[in-house]
Number of protein chains: 2
Amino acid sequence: MEGSAPRRTRIQQEKRELILEAALEVFSANGFRGSTIDQIAEAAGMSKPNLLYYFRRKEDIHETLMQRLLDTWLAPLRELDDIGDPMTELRSYIRRKLEMARDFPRESRLFANEILQGAPRIMPMLEGELKTLVEEKAAVIKGWMRAGKIARTDPWHLIFSIWATTQHYADFDVQVRAVLGPDRGGDGRFEDAARFLEQLFLDGLKPKV
Amino acid sequence: MEGSAPRRTRIQQEKRELILEAALEVFSANGFRGSTIDQIAEAAGMSKPNLLYYFRRKEDIHETLMQRLLDTWLAPLRELDDIGDPMTELRSYIRRKLEMARDFPRESRLFANEILQGAPRIMPMLEGELKTLVEEKAAVIKGWMRAGKIARTDPWHLIFSIWATTQHYADFDVQVRAVLGPDRGGDGRFEDAARFLEQLFLDGLKPKV
DNA sequence: CAAAATTTTGACCGGTTGGACAAACGTTAG
DNA sequence: CTAACGTTTGTCCAACCGGTCAAAATTTTG
């Protein structure tokens, strides 16, 4: 009975949340090796030994954070459904992904950091759960192509391109803002991006005749 | 006289190259803070004090690497020219960027690491040189739009989308290969990507009537 | 060859980091 | 109140890390 989930007091639940929030901030900005327990502890407003009372090892924090992330991270793709107009479905998938880049940039950067370092801690998940999910959705997209609802292309690379273009606004945010400058790079940049991406994925760049 | 470029012996030139090559390997895989001088020294086949004879500080290696990177990194965009057919120009820019992701993935990851950490060491260059270059090219693209050669959109976000989609194949390579699997993820994946991106940027996804 | 200059090495140092631990402190239930 | 349990803190440690230094080994030059 009650095998996996350890019983927790009220304080433990609260403090663990506090630590995870602080760790997300620190890890996403400095990477795993670039972050110290002291930094996380300070950001969480407690001493290092106190933090280590709630998470025995630095890796445990990162692992917990990563597990939580993955669920919410794939939610938009999971929602991509066969019901409804294909073009509308894709458009709203892009919009959802872009909203995640806007609202959860730290999560995006945490994920990017992990992949950049070769995904040492989540490789099984990529080859298992993620691969399966993408295969499933690629099949749906192929169906749309066969039905003549969208142009024929490679569904896998289509998904990659949506990931790349949307996550770019979280992962490369510093560069985006630097290049756009103070005026163009304000809060409106996400709406500009949404408009551009919609047009790109719909009509491409060829001029209308 | 002879102000900036220090005179170097044959051995110094060779060994410095060796170190930079090793450092590119290590830094791009682990980030700056995640890499140790010992790792780089071992990868370069020498002892740590010996390495420090050629580069006095760890940061010097990273800085030298970064300076070299930036020149080659922006070369494809610099080549984007007003002469020739606009659609062809864009297509070959995309192709060149994708070839760089294929042939220089470590350079791409080094850059991505730097931006992810908030670009602490190259911020001035982003706000200066890069911003100016992009503004210049955005003006060229705007000209094409005014002339009706390509569809009207935001030139800045167009450039971002090209960067994002192409660099994705270097920075997220592990994920790409994991999702595509052994068969689809072989050497042919870059040609598949090239075909897909060409179609995306030309025609988008709307079905042809 | 021999002196001068360059390159390589081993030993060492101070600061940081992840983590252990016992003692002190606070809370809660009988 | 008090015993039991949960929480917090100060102290400490061993490993690691960036970097120094003097001496030894090697290469270059006259």
message: In this structure, how many angstroms lie between the C1' atom of C/dG10 and the CG atom of B/Leu51, rounded?
response: 16 Å
query: Touch check for A/Tyr54, heavy atoms < 4.0 angstrom, all strands: base, sugar-phosphate only, or nothing?
result: sugar-phosphate
Identify all pairs in which a protein N or O lies below 3.5 Å from an N or O of nucleotides 27-30 of chain D, and state each distance.
unit_1, atom_1, unit_2, atom_2, d
D/dT28, OP1, B/Arg10, NH2, 2.8

message: Is the phosphate of D/dT7 approached by A/Asn50 (side-chain N or O, under 4.0 Å from OP1 or OP2)?
response: no
- request: Give the ring-plane orientation class for B/Phe160 versus B/Trp163, where under 30° counts as parallel, over 60° as perpendicular and anything between as tilted.
  value: tilted
field: Interatomic distance where OH belongs to A/Tyr53 and P belongs to C/dC21 [whole Å]
entry: 16 Å
message: Please tell me if A/Gln12 has a side-chain N or O lying less than 4.0 Å from either OP1 or OP2 of D/dT7.
response: yes
message: Expressed as a whole number of angstroms, how long is the span from B/Met46:CE to C/dG10:P?
response: 14 Å
- prompt: Cationic tip of B/Lys97 within the cone over B/Trp73's six-membered ring, i.e. under 6.0 Å and within 45° of the normal?
  reply: yes
- prompt: Are more than 12 heavy atoms from other residues, nucleotides or ligands located less than 6.0 Å from atom CZ of A/Phe190?
  reply: yes
Between N or O atoms, less than 3.5 Å apart, protein on one side and nucleotides 15-18 of chain D on the other: list the pairs.
unit_1, atom_1, unit_2, atom_2, d
D/dG18, OP1, B/Ser35, O, 3.3
D/dG18, OP1, B/Lys58, NZ, 3.0
D/dG18, OP2, B/Ile37, N, 3.0
D/dG18, N7, B/Lys48, NZ, 2.9

- request: State, with a plain yes or no, whether a side-chain heavy atom of B/Glu198 is found less than 4.5 Å away from one of B/Arg91.
  value: yes
- request: Give a yes/no on whether any side-chain N or O of B/Ser47 is located under 4.0 angstrom from OP1 or OP2 of C/dT9.
  value: yes
Value in whole Å for how far the P atom of C/dT6 lies from CZ of B/Arg16: 15 Å
message: I'd like to know whether CG of A/Asp187 has more than 12 heavy-atom contacts from other residues, nucleotides or ligands below 6.0 angstrom.
response: no
message: Using whole Å, what does the distance between atom C1' of nucleotide D/dC21 and atom CZ of B/Arg56 come to?
response: 13 Å
- request: Flag this pair as yes if the NZ/CZ of A/Arg102 is under 6.0 angstrom from the six-membered ring centre of A/Tyr169 and inside a 45 degree cone about the axis; otherwise no.
  value: no
- prompt: For A/Glu99, what residues pass the salt bridge (Lys or Arg N to Asp or Glu O under 4.0 Å) criterion, not counting sequence neighbours?
  reply: none
- prompt: When you check the phosphate oxygens OP1 and OP2 of D/dT8, does a side-chain N or O of A/Lys15 lie under 4.0 Å from one of them?
  reply: yes
field: Cationic tip of A/Arg121 above A/Phe32 ring, under 6.0 Å, 45° of axis
entry: yes
task: Grab the CD-C1' distance between A/Glu59 and C/dG19 for me, whole Å please.
output: 13 Å
- request: Might you confirm whether atom CD of B/Gln39 has over 12 heavy atoms from other residues, nucleotides or ligands at distances under 6.0 Å?
  value: yes
